[in-house]
Amino acid sequence: MKAIIVEDELLAAVHAEAALESLGVEVIGTAEDSAGALELARRQPQLALVDLNPRDGFTGPDVAAQLARIGINVMFVTANPAELGPAARLAAPVLEKPLEEQRLAEALSPLIGRAGGAGDCNCT
């Protein structure tokens, strides 16, 4: 499984990348804003971890909706899940910062079958 990370905080992005890679997910890029996220989407990831507030403001929900429309599975990663509000209608998992690897693994489990088989992720 290939993933992108939409996160403007360097330490949070590095932590998310390490957590994904430890679960067998290949991180193909990190974007700090919505334009960068949409550019990375051209590389056809199966998953995007999306912060609610990347560098260009509260654009995470809009980016997530655009990514979901083109078939990319989205998970929100945020320190403030209450901010999600109406964007929760996307039915995307919401993971709280700091990102916990076990919760990430649990959230990834349902995606494995849709993304190409159990061998793509060590999500246990």
Side-chain angles (χ1 to χ4, degrees):
M1 177 182 293
K2 294 181 181 178
I4 61 172
I5 299 169
V6 183
E7 174 62 70
D8 64 326
E9 295 176 24
L10 178 61
L11 292 177
V14 168
H15 181 72
E17 182 172 352
L20 285 167
E21 289 177 348
S22 74
L23 294 170
V25 177
E26 178 186 356
V27 177
I28 59 174
T30 300
E32 295 181 344
D33 58 24
S34 54
L38 298 176
E39 181 67 29
L40 283 175
R42 294 181 181 173
R43 297 183 64 190
Q44 302 179 330
Q46 290 84 30
L47 173 68
L49 294 187
V50 179
D51 183 26
L52 293 180
N53 289 295
R55 179 152 297 170
D56 53 349
F58 192 76
T59 59
D62 292 334
V63 168
Q66 291 178 58
L67 296 174
R69 274 196 295 276
I70 59 173
I72 299 171
N73 295 293
V74 173
M75 292 183 189
F76 289 109
V77 181
T78 181
N80 301 304
E83 288 183 346
L84 192 56
R89 72 186 182 289
L90 290 174
V94 179
L95 302 170
E96 288 190 55
K97 291 180 187 175
L99 187 60
E100 294 178 17
E101 189 174 317
Q102 181 61 38
R103 291 187 190 261
L104 177 59
E106 291 167 3
L108 283 173
S109 291
L111 302 180
I112 302 312
R114 293 185 289 171
D120 287 359
C121 182
N122 302 322
C123 300
T124 56

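Any value given below was found using the heavy atoms of this structure, including those in side chains, with hydrogens, waters and symmetry copies removed.
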Between [X] and [Y], is any pair of side-chain heavy atoms under 4.5 Å apart?
X	Y	answer
Leu49	Glu7	no
Met1	Leu23	no
Asp8	Asp33	no

**Report entry** Over all atoms of both residues, closest heavy-atom pair of Asp56 and Ala35
**Finding:** OD2-N, 4.5 Å

**Report entry** Shortest non-hydrogen separation from Ala68 to Val74 and the atoms involved
**Finding:** N-CG2, 4.2 Å

Query raised in the report: For Gln44, does the CD atom sit with more than 12 other heavy atoms under 6.0 Å from it, leaving out its own atoms?
Result: no

Query raised in the report: Under a 4.5 Å side-chain heavy-atom rule over Ile, Leu, Val, Met, Phe, Trp and Tyr, are Ile28 and Val6 clustered together?
Result: yes

Query raised in the report: Are Val77 and Leu10 grouped together when hydrophobic residues (ILVMFWY) are joined by side-chain heavy atoms under 4.5 angstrom apart?
Result: no

Query raised in the report: In this structure, which one of Ile4, Ile5, Ile72, Leu20 forms a side chain to side chain contact (heavy atoms under 4.5 Å, CB included) with Leu47?
Result: Leu20

Could you give the distance from [atom1] ([X]) to [atom2] ([Y]), rounded to the nearest 0.5 Å?
X	Y	atom1	atom2	answer
Lys97	His15	NZ	NE2	10.5 Å
Thr59	Leu38	OG1	CG	9.0 Å
Asp62	Leu52	CG	CG	11.0 Å
Leu108	Glu101	CG	CD	10.0 Å

Query - Lys2 backbone acceptor or donor facing Gln46 side chain under 3.5 Å - result: yes

Query raised in the report: Looking only at atom types and distance, does a side-chain atom of Glu9 sit under 3.5 Å from a main-chain N or O of Leu11, one as donor and one as acceptor?
Result: no

